[in-house]
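Following: one structure in structure tokens, then a few remarks.
In what follows, every chain begins at residue 1, and chains take the letters A, B, ... in the order their sequences are listed.
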Amino acid sequence: MADERIPFATHAESTVLGADEIVLNMGPQHPSTHGVLRVKLRLDGEKVIGSECVIGYLHRGVEKIAEHRSYQQFAPYVDRMDYVAAVSNGLGYCEAVEKLLGAEAPPRARVIRVILTELQRIASHLFWLGTHALDIGALTPLFYCLREREEILKIFEKYCGARLTTHAFRIGGLQYEAYDELEKDVERFCKPFDKRVDEYESLLTENRIWVGRTKGIGILTAAEAIDYGASGPVIRASGVKWDIRKAMPYAAYDQYKFEIPTGKNGDTYDRYIVRLEEMRQSRLICLQAIENIPAGPIMGKVGKVLKPPPGEVYHAIEAPKGELGYYIVSDGTTQPYRVRIRPPSLINLEAFDKMIRGHLVADVVAIIGTLDIVLGEVDR
Amino acid sequence: MHAVIQYLISIWVPLVCALVIVGVLPLVTGYIVLMERKVMADMQARLGPMRVGPHGLLQPIADAVKLLIKEDIIPDEADKAIFWIAPLISVTAGMLAMSALAIGPWFQIADLNVGLLFIVGISALGIFGIVLGGWSSNSHYSLLGALRSAAQLVSYETAAGMAVVGALLLAGTLSTREIVTAQGDYGTWFIFAAPVGFFIYVVASIAETNRAPFDLPEAESELVAGYMTEYSGFRWALYFLAEYTNMVVVASIATTLFLGGWLRPFAGTPAFNFLDYFPSALMIFVGAYCLYRAPKQPVKVQQLFMMVLGLAFFGVALILAAPLIGRVNDMLPGLKPGLHGAFWFLLKVGSYIYLFMWLRFTFPRYRFDQLMRLGWQFLIPLSIVNVMGIGLALVLHRQWGWSHWTAFPLTTALTLLVAGWLGWAGEKKDKEHVFVGES
Amino acid sequence: MANDPEEKQPSASSPSEPSAPKPSASAGEPVSKPAAPPAAAAKPPAPKAPAGAPPPRPPAAPAPPKEGPVALDNDLVKRYKEKFGPAILEAWVDRKQAILVVARELLAEIAVYSRDDEKFDWLSDLTALDWPKREKRFDIVLNMYSFEKNERLRLKAQASADERVPSVQGIWATANWMEREVYDMFGVVFEGHPDLKRILLPDEWQGYPLRKDYDILTQDTAWVRENLGIESGQ
């Protein structure tokens, strides 16, 4: 048991033909390692008998930077971690600091936060779906997904002027009032969106090749998922019905009805199904949220200079990739004493070695894809 | 005098044909790539290349120039001589296979009596280029790609070969020319006599040419570019050329064997003679579309280009229409089958390649073990059953005097039954053998 | 600021620069202080319905008037104390989040107990803090979550620079990389980790960037020069 956790066990394993095993370096420049992940694979023929992830190529020392910036100054940095879901990162950070301050955002701000974050979840899942399908060889879904994602990015652009690294939220609420047609835009996007998801499903869900490539691949049982600290869709596909939005609601999630989709087998196919269903649920949340956006201020009472009382807080949100946690320690000054970011991508990636052993090279990309990692977040 | 002309024809016609193939094929390949990109773009809700020339029509030329002037990198650790020569083997094999193909009754380099055997054999040699290139690159990705390619070719060549055998049983000859003639004599294309064989050939030929969903040797997302990973510039372009040449070759084989070669649809039925106007009509349509789009081009040069293009299509339409004029036909009786035959042949080849593209943009990629299972457990048994089925039909037809219309549907139904059973059994076995990662 | 000065976390009162930090574990504060402030009451560890039920600690609840760590004494802490006695050095609640400061030597045992008996079966995060003025400068922080109770608990163990911390890698597989990251960034060595090497930085890198005495402009100049061929990464 302990042995199998050593990623690159050095003792010789007997190979089937007694042939030499080869070590294949996948990445950091590789079309489907989703950035600069490098995986060292030990192969017996095409079978993977061991792997080691080498990360850090995108390490920018975000946590160190945080200790030298004021609380507000650091907020844009978090967008650069999971740059596919920048809004979610910002939400987690702003709420963590608000918690540290003992402040809270006004109801209107919280609802708008929910709308944008859920749109971001859809966008992130769309991007995941497209690239995951591309990894497995289906070229076309990517462009359909990008087409829909574009609509979401346009909403972001209209709201705050940025598309990717939005810095949409501020500590204590929002800087910008929702623009006039926000509700209409969101509705226009959400109303037909479930048909669009059906469209992706018609390309993939029952496709024999797709099923063959994803079913039974990279199985993570519930116990293993817990052991490996997996979160988000990865742990839900393993059958653990746990979503921080439900378990410990933040922002305004307690006001909305939605389901937590779960899988049974914890394989790549289940993770695909779970993420698709999550998109549908996010759409429902958005539709509920635009029904009733409370009036009122958008900025809570926080000072211009943030000096949280000494102490510490751990605040986690359900980012598209999983539990995104901020552990912030304050020493009473304007700069955080320590900001630890718990990146879901990194922790989910840890299970990679467990999932890949015994599979073939082709499954490596399927499993990297299904974990939905963003290297900006893995390396920070 | 007559003897001299005959002699010149026997020497010069093949030479000219060979020059045309060698000279034009790279260009054609370039335009197949452009067509592929355009088709892909259309299926993916985007435009595709639009920058070089109107609607990106000059893109292939720009690409070719780019590839020619790119740096040709040979890795330090590579086996230089083999690395150098490997792409040439692939291209040569592909081009050589073209030599026995009959693109219309006029256009053929050599009518070999072992024609099809020659084509199948030579085109299979292209795998040497891939394996040697992958091996000599001294890179793991290349090696894996090369090995995959070799295994894949061996597996699917068998199925493809058996599918070809089915059609050959019907034709009773190996000469490409006579195969087409035989289909004319039968009054039906062999695809209708042996639909299962055609299906097997389609699948196997996709796998043989390493096209998606069987593009494992160059699976971009897994092996970067497979056996071509270390290649760059012109040598890379040669591999590309070889791949598309092979596509043309397998499409031509399929056209010759199953789709009636250069024969017009319903060639023997006078009621369908109006189809003779189809080639000209199609060209006029394309030309008219070019003229219609011409004023919408942003630049004067492009407008001019589109006009010239449209007029060129009209010209082609005229040439194609010429044999329909009674007097011309009387003067040059060979003109109509020559021109129209080439047109129909190329149209069929184009449709076949379009099918390849369609499949490529629709399906995800098979995994290696799945590919092997499909090949060995489904296609090869099925292709053998298919041959037996066709044999049975021929016995019923020739010995026992059954009509075509009963013998072939009957054996096809039997073969389909076997196919269903094979699929069901394979599925069941798959369920028992769930591929689970061991830890 | 916080409720009472003496209830604050060791050395949390001081920013990194001024004033000598308190000796940590020796604080010997009245951990079982009965007067738990209202904030603590809001965090009963009584088992709750499984995930999905209304949460025990809605973060959106009205904030208490004062923030800061206060001592915690409830059933959970009592159970831990019963089991491990003096190894549970302190117990805090800060922003309604429970924190146990435990003895470094028993960290692994306490982790096993937390996972198996208290059902904090999911290690959400493992990290470290650096308090350079303190005698035991590092805090190893484990954030655990219980699916059953829908609660989080934070364990802290203190270690000086040359002390080894027992690895919890065998208890939660996820701790493997997190401990490597702590080693990478702080230089804390984990006893019993099978593969303790740098994870984000290059293997040959000198220095531990998240230590407070490692300036933000500092870098391993020799490494940069040798491997990147440039004078400085700035």
Side-chain angles (χ1 to χ4, degrees), chain A residues 2 5-8 55-56 59 61 63-65 67-68 95 99-104 110 224 226-231 240-243 246-252 254 260 308-316 323 325 327 329 331-333 337-338 340 342 346-347 349-351 354 379-380, chain C residues 1-2 8-9 12-16 50-55 57-60 62-69 94-95 97 99 121-125 127-130 141 143 145 147 150 152 154 169-170 172-178 181 185 194-195 198-202 209-210 212 214 216:
Chain A
R5 286 182 183 155
I6 306 175
F8 234 56
I55 59 173
H59 180 60
E63 291 175 9
K64 186 76 180 176
I65 293 172
E67 294 171 13
H68 295 261
E95 288 205 329
K99 225 172 178 180
L100 197 63
L101 286 164
E104 83 175 344
R110 279 189 274 152
E224 284 165 356
I226 292 173
D227 190 28
Y228 277 93
S231 53
V240 180
K241 195 168 180 152
W242 173 64
D243 188 321
K246 279 258 199 241
M248 301 175 161
Y250 51 94
D254 42 358
I260 307 175
E312 56 186 56
V313 72
Y314 179 82
H315 181 64
E323 171 173 323
Y327 174 58
V329 181
D331 58 358
T333 57
Y337 187 76
R338 167 109 169 86
R340 154 72 181 173
R342 186 230 185 249
L346 173 78
I347 315 284
L349 184 63
E350 258 193 284
K354 168 92 193 148
D379 295 343
R380 280 158 296 138
Chain C
M1 290 206 39
K8 266 181 282 163
Q9 211 176 323
S13 58
S14 57
S16 50
R57 300 180 284 126
K66 284 183 179 178
E67 291 290 351
D94 186 358
R95 274 84 168 171
Q97 297 178 346
I99 304 163
D121 43 2
W122 195 71
L123 179 67
S124 109
D125 193 16
T127 186
L129 300 173
D130 182 18
V141 185
N143 270 305
Y145 176 75
F147 291 106
N150 192 20
R152 290 187 193 277
R154 203 171 302 150
Q169 184 270 345
W172 291 286
T174 179
N176 188 329
W177 283 16
M178 299 195 211
E181 192 180 336
M185 294 295 158
D195 189 32
R198 288 188 181 272
I199 183 166
L200 291 175
L201 294 177
L210 279 183
K212 283 287 173 186
Y214 194 98
I216 191 163

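In this pair, C/Phe147 and A/Trp242 present their aromatic rings perpendicular. The plane angle is above 60°, beyond the 30 to 60° band.
Interface residue A/Ala230: only backbone heavy atoms are found under 4.5 Å from chain C. The contact between C/Leu210 and chain A is made by backbone and side chain atoms together, counting heavy-atom distances below 4.5 Å. Contacts of A/Glu67 with chain C are made by side-chain atoms alone, with heavy-atom separations under 4.5 Å and no backbone atom involved.
In terms of the side chain to side chain contact (heavy atoms under 4.5 Å, CB included) criterion, residue partners of A/Ala351 (sequence neighbours excluded) are, by chain and number, A/Leu220, A/Tyr228, A/Met355. Scored by the salt bridge (Lys or Arg N to Asp or Glu O under 4.0 Å) test, A/Glu323 finds C/Arg152 as partners (sequence neighbours excluded).
Although no hydrogens or angles enter the test, the distance criterion places no donor-acceptor pair under 3.5 Å between the side chain of A/Arg340 and the main chain of C/Leu129. Side chain of C/Trp172 to backbone of A/Ile226: no donor-acceptor contact under 3.5 angstrom is found.
We find the CD1-CE distance between A/Ile347 and C/Met178 to be 3.0 Å, quoted to the nearest 0.5 Å. In this structure, CG in A/Leu346 is found 9.5 Å from CG in C/Asp125, a value given to the nearest 0.5 Å.
A cation-pi contact, defined as under 6.0 Å to the ring centre and within 45° of the axis, links C/Lys212 to A/Tyr337.
Contacts with chain C were tallied for A/Arg342, A/His59, A/Arg380; A/Arg342 has the most, counting heavy-atom pairs under 4.5 Å. Comparing C/Leu201, C/Leu123, C/Asn143, C/Asp121 by heavy-atom pairs within less than 4.5 Å of chain A, the highest count is held by C/Asn143.
Closest approach of C/Tyr214 to A/Lys64, counting heavy atoms only: O-NZ, 2.6 Å. Heavy-atom minimum distance, A/Arg338 versus C/Thr127: NH2-OG1, 2.7 Å. For C/Arg154 against A/Tyr327, the heavy-atom pair with the smallest separation is NH1-CE1, 3.6 Å. Minimum heavy-atom separation, C/Trp122 to A/Ser231: CZ2-CB, 3.6 Å.
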Start with the C-alpha gap between A/Val313 and C/Asp94, add the side-chain angles, then the distance that decides, and say whether side chain to side chain contact (heavy atoms under 4.5 Å, CB included) holds. CA-CA 7 Å; A/Val313 72; C/Asp94 186 358; over 6 Å; no
- Output, in order, the C-alpha distance, side-chain angles, deciding distance and verdict of side chain to side chain contact (heavy atoms under 4.5 Å, CB included) for A/Ile55 and C/Trp177. CA-CA 11 Å; A/Ile55 59 173; C/Trp177 283 16; 4.2 Å; yes
